[in-house]
Amino acid sequence: MALHLSVFCFSSTVASGPHNGVRFFSQRTVKASRFSCQSLAPISRVNLKGKAFPGDGVPETKESSLVVCFGELLIDFVPTISGLSLAEAPAFKKAAGGAPANVAVGIARLGGSSAFIGKVGEDEFGYMLADILKQNNVNNEGMRFDPAARTALAFVTLKSDGEREFMFFRNPSADMLLREAELDFNLIRKAKIFHYGSISLITEPCKSAHIAAAKAAKDSGAVLSYDPNLRLPLWPSAESAREGILSIWKMADIIKVSEEEISFLTQGEDPYDDAVVLKLFHPNLKLLLVTEGPDGCRYYTKNFSGRVRGLKVDAVDTTGAGDAFVAGVLSQLSVDLSLLQKEDLLRDALKFANVCGALTVTERGAIPALPTREAVLDAMLQSVT
């Protein structure tokens, strides 16, 4: 099985000295990368049939709208041909991934302010991923490098419909070994929104680091955003996954789940039944989002609920679609949290997020496929003309 990999040319390694066995990031440069993107230019106010979208116009300061994403950053290997098993695939395309990192890049691509906190291996993949974040205007000061563990890898099988199956290589990987003492609490406390998943809850010491980081963000007034992003093969059992995901459920202000995750968390109940979905709505929750793939999404708050239709596209690879949707939502909320109380404006933000997810499935890989704000607005204009 041949792996067809992009060739990267790195400058000499520059890293600070070891700190408790972990190297902290110093600036490195990369001469060429298939993942590089141009710096984001401000996008002028766009009016779609008389509707202005949240976040258009004069933005708030970067610090006041910062979204800090916590968790895993890894390499996805995606088959170049869909519909084959891993053993049958003739070649794989290397792509940066990891749900929280995808969200961070997605927000930056949309013109927002984001940062990533997590750990990678002190290896070429780890440094490559740090460079990719930097090139995409994501603050990577919270990244840590472990000299004793490798950067996580995931092989992603694409079915003929673009849906995925995963094979992970973590034994353990560096992201699992992030410790509370390595957290950048100054960065965490600057967050307007703190976003995370559940994979960082699977093992110690990362579980304790996750809980400490979320608590620090909450204590500093940040809104907590949670996407469970269920990856059952990574958990010891289905029951431990359900228990782990629900263990921090009531901390979150915003939760995004898929239909499959609703069925899993409610042990087989109907994810299309509002009464079932509302079992997951806790008293302090501000917004519960249910993604329905190409059909769009549902939203639930204490005062209103509804459905927003999606944009139909030909799916090539659904990797990162949910993360692009989350990035679309958080990029709007980071500028104006009052959207949580204004249904018409929230619906506009969700239309924007649905298009973010739709455009992402038209290309292979997660981070390489995440759209710019301009691309999303262009697609929205085309859909209403």
Side-chain angles (χ1 to χ4, degrees), residues 6 8-11 13-16 22-40 62-63 65-76 94-146 150-154 173-175 178 182-184 186-188 190-191 193-197 199-200 213 319-320 323-324 326-327 330-331 334 356 360 365-373:
S6 305
F8 289 79
C9 182
F10 290 90
S11 63
T13 301
V14 180
S16 58
V22 178
R23 293 187 184 275
F24 285 51
F25 180 72
S26 294
Q27 182 174 342
R28 289 163 47 93
T29 58
V30 61
K31 294 181 180 177
S33 167
R34 70 183 304 152
F35 298 102
S36 62
C37 71
Q38 295 178 347
S39 298
L40 296 172
K62 284 292 185 181
E63 184 170 299
S65 60
L66 179 65
V67 181
V68 175
C69 300
F70 175 94
E72 67 278 5
L73 175 58
L74 50 85
I75 302 289
D76 286 327
K94 178 179 58 177
N102 294 343
V103 173
V105 172
I107 290 168
R109 289 257 179 97
L110 295 170
S113 175
S114 64
F116 175 77
I117 290 178
K119 186 188 275 191
V120 293
E122 191 179 301
D123 51 40
E124 285 302 296
F125 280 152
Y127 286 118
M128 183 195 80
L129 291 170
D131 284 332
I132 288 170
L133 292 186
K134 186 175 180 63
Q135 291 164 4
N136 281 281
N137 300 312
V138 176
N139 181 329
N140 61 10
E141 293 173 3
M143 285 187 67
R144 302 294 179 254
F145 294 78
D146 196 319
R150 295 295 189 187
T151 300
L153 306 180
S173 54
D175 61 289
L178 180 66
E182 298 163 359
L183 294 174
D184 186 337
N186 288 331
L187 180 59
I188 291 169
K190 292 178 182 177
I193 298 175
F194 185 76
H195 176 73
Y196 49 86
I199 290 175
S200 48
T319 305
D323 303 325
V326 172
L330 297 186
S331 70
S334 66
C356 290
T360 300
I367 286 178
L370 293 169
T372 63
R373 184 179 182 83

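What you see below is based on every heavy atom in this structure, not just the backbone, and it leaves out hydrogens, waters and symmetry mates.
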Give, for atom [atom1] of [X] and atom [atom2] of [Y], the distance between the pair rounded to the nearest 0.5 Å.
X      : Y      : atom1 : atom2 : answer
Asp123 : Met128 : CG    : CE    : 9.5 Å
Asp323 : Leu370 : CG    : CG    : 7.5 Å
Ser334 : Leu110 : OG    : CG    : 9.5 Å
Cys69  : Leu330 : SG    : CG    : 7.0 Å
Glu124 : Asp131 : CD    : CG    : 9.5 Å
Lys134 : Glu141 : NZ    : CD    : 8.5 Å

Where do [X] and [Y] come nearest, in terms of heavy atoms and distance?
X      : Y      : result
Ala327 : Val103 : CB-O, 3.7 Å
Gly142 : Leu187 : N-CD2, 4.0 Å
Ile367 : Arg109 : O-NH1, 3.0 Å
Ala366 : Gly320 : CB-CA, 4.0 Å
Ala104 : Ala115 : CB-O, 4.1 Å
Ile132 : Ala96  : CD1-CB, 3.9 Å

* Take Leu178 and Arg144, measure what side-chain contact (heavy atoms from CB on, under 4.5 Å) needs, and give me the verdict at the end. => CA-CA 8 Å; Leu178 180 66; Arg144 302 294 179 254; 4.2 Å; yes
When you measure from the side chain of [X] to the backbone of [Y], do you find a donor-acceptor pair of N or O atoms at a distance under 3.5 Å?
X      : Y      : value
Arg373 : Gly111 : no
Ser113 : Leu66  : no
Asn136 : Val138 : no
Asn137 : Ala108 : no

* Return the orientation label for the Phe145 and Tyr127 ring planes: parallel under 30°, perpendicular over 60°, tilted otherwise. =>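 Rings of Phe145 and Tyr127: parallel, as their planes differ by under 30°.
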* To do: Sort out for me which residue in Leu73, Leu129, Asn140, Val105 forms a side-chain contact (heavy atoms from CB on, under 4.5 Å) with Phe116.
  =>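 Only one of Leu73, Leu129, Asn140, Val105 forms a side-chain contact (heavy atoms from CB on, under 4.5 Å) with Phe116, namely Leu73.
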* Structure fact -> When Asp175, Val120, Asn102, Thr151 are each screened for side-chain contact (heavy atoms from CB on, under 4.5 Å) with Glu72, the one that passes is Asp175
* **Note, Phe70 side chain near Ile188 side chain (heavy atom, < 4.5 Å)** => no
* Determine whether Phe125 and Arg150 make a side-chain contact, defined as any pair of heavy atoms from C-beta on separated by less than 4.5 Å. => no
